[in-house]
Amino acid sequence: MDLQFYNSLSRRKEKFIPLNPGQAGLYTCGPTVYNYPHIGNYRAYIFEDILRRTLKYFGLRVNQVMNLTDVDDKTIRDAAKEGLPLNQFTQRYKDAFFADLKTLRIEPAEHYPAATEHIPEMIDLVRKLLERKVAYQTEDGSVYFSISRYPKYGCLVNLDPQQLRSSGRVNHDEYDKESVSDFALWKAREPEDGDVWWDSPWGPGRPGWHLECSAMSMKYLGESFDIHTGGVDNMFPHHEDEIAQSEAATGRQFVRYWLHCAHLIVEGKKMSKSLGNFFTLRDLLDKNFSGRELRYVLLGTHYRQPLNFTFQGCRDAKAALERIDDFTERLRRCQDKSLEDNNQQFKSVIERAESDFRSALADDLNTAEALAALFNMIRDVNRLLDQNNISSQQSNKLLHLLSQFDSVLGVIEPDKKEPVPPEIERMARERQEARKQKDFARADSLRDQLTELGWMVEDTPEGPKLKRLV
RNA sequence: GGCGCGGUAGCCAAGCGGUAAGGCAGAGGUCUGCAAAACCUUUAUCCACCGGUUCGAAUCCGGUCCGCGCCUCCA
């Protein structure tokens, strides 16, 4: 099955045909590093991670660029509030971001360009736009993009430029824009900016918000590239403006496929600090949920569907993952038994799983369905396992298949297990001894003691198994 | 007001023209010394509501109600 994605540009699913066969250029909107990201942000990053991993699963070489926005109104404002130099302030959040990526098992991108390190590229772009007369300079030394000189404006979000209302949010310093909807390419230095400014042909200032993404994506991926992603809220104005300024500068199509992921709500309500339902990854870890569990929760809903995040959902995820863990553990312990010839049956289980999994992902990254394919396989194989009808060679094959699935999902591999303390081990052995003597009262009392210490013991045909209670 | 998304079992959630995936939870059973795990059976005659198109609709069209997002710096 061919890979297809829902392209926001055309509002329909389209077969994915990369610009260069066998490769995919991917620009994923990254964090503005002025704060710790919340779980909604992570929904976007995990969606982007699934996209990346799926492209690889389908044999494409991926070149992913994720920007770090380390200069904008908020970074400047908050750094000043804390009396820190901008780069020192943003470094804290960059570090936290990368730590979180690890916790969430998000694969690193090939490039993480920071806006502050690409000022010259941005200035070049502004220069080009001025040359092409789609931008103009104002008296204070700012440069704006002129929407009226770019007829295609609004193609992504289907907005009528005439209808853009002038919101009350227009800054006092933008009074000399030709049109309220024109957006800043370069912002002249203001007193509040402190020492955050760069020299430019138009005087000291800093880049406009959208400029970095155009400049950096084109630098690393070329003037025209395959895929650009972000949250739906970024479609306007951010992505719309990116398209305008990039295509006006190059005369070429900027991005071929735009993918946007929907938002996350919490217990049916919009996440907001005032409602007290605003969570960072740290908050979840403090509540004893793992990154793996959050990742699983986020994979359960298709990325273009609003996701209702609940703590019940996190608990459900825990249980579902335990089912996966029990299964992989069972495969690892699997030993050859007296086997009937089950090759035909085994083959059909594997084939169905593989093809269902593959077509689920191919169809616009349907992770919910991919997960269903995984669980169907688990049930089928458990059935064979119950009949002692899986050879060790077959179980190895299955473990290999699971790791292939996990190269996309990133949730199958268990978290590092706490080693079993010797004392616990000893008690389990003692209990096993008691069971052999048919001293079940003693065996059960030992099991109760183990439970109290936080360990569950399960008796399996291969001997007792200890599980940490969570 | 404009543009757009959604309402599917107790909860989460796929499916988007051919007769309801999957996970969690619940009930009964098999297995087990007892458990746990696993497996089996079971849990929506029905997909917000009302009309229409069709041999056939949760899926398409129109309308109604409800929830949500964006409309200049929020994933």
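Every value quoted in this text rests on a predicted model; they were computed, and no experiment measured them. Reminder, nothing fancy here: chain letters follow the sequence lines and each chain counts from 1.
- Distance from the side chain of Pro237(A) is smallest for U72(B) among the nucleotides U72(B), C24(B), C34(B).
- In terms of polar N and O atoms assigned as donor or acceptor, the side chain of Arg447(A) comes within less than 3.5 Å of the base of C34(B) in a complementary pairing.
- With rounding to whole Å, Lys467(A) atom NZ is found 12 Å from A35(B) atom C1'.
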Check: How does protein reach along nucleotides 6-21 of chain B, written 5' to 3' as B (base within reach of a heavy atom under 4.0 Å), S (only sugar-phosphate), or - (no contact)?
Finding: S-----SSSS-----B
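- As rounded to the nearest Å, C71(B) and A58(B) have C1' atoms that lie 32 Å from one another.
- You'll find that the side chain of Asp233(A) is closest to C70(B), out of C34(B), G23(B), C70(B).
- Checked against the 6.0 Å centroid threshold, Phe279(A) and Phe289(A) do not count as a close aromatic pair.
- A36(B) and A75(B) are spaced 46 Å apart, taking the P atom of each and rounding to whole Å.
- Taking atom CZ of Arg323(A) as the reference point, atom P of A25(B) lies 10 Å away to the nearest angstrom.
- Atom P of nucleotide G29(B) and atom CG of Asp386(A) are separated by 19 Å, given to the nearest angstrom.
- Checking Lys102(A), Arg52(A), Arg295(A) one by one against Glu107(A), the salt bridge (Lys or Arg N to Asp or Glu O under 4.0 Å) holds for a single residue, Arg52(A).
- Residues satisfying the side chain to side chain donor-acceptor pair (under 3.5 Å) test with Glu452(A), not counting sequence neighbours, are none.
- Counting non-hydrogen atoms under 4.0 angstrom, Asn382(A) reaches the backbone sugars and phosphates but no base.
- Distance noted for atom C1' between U72(B) and U64(B): 34 Å (whole Å).
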Check: Reading RNA chain B 5' to 3', how would its secondary structure be written in dot-bracket notation, given Watson-Crick and G-U pairs with both distances under 3.5 Å, brackets [ ] for crossing pairs and | for partners on other strands?
Finding: (((((((..(((.....[...))).(((((.......))))).....(((((..]....))))))))))))....
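- Taking atom CZ of residue Arg330(A) and atom P of nucleotide A36(B), one finds them 15 Å apart after rounding to whole Å.
- Interface remark: the Asp459(A) side chain does form a donor-acceptor pair with the C34(B) base, using a distance-only criterion of under 3.5 Å.
- If you look at Tyr144(A) and Phe183(A), their ring centroids are not closer than 6.0 Å.
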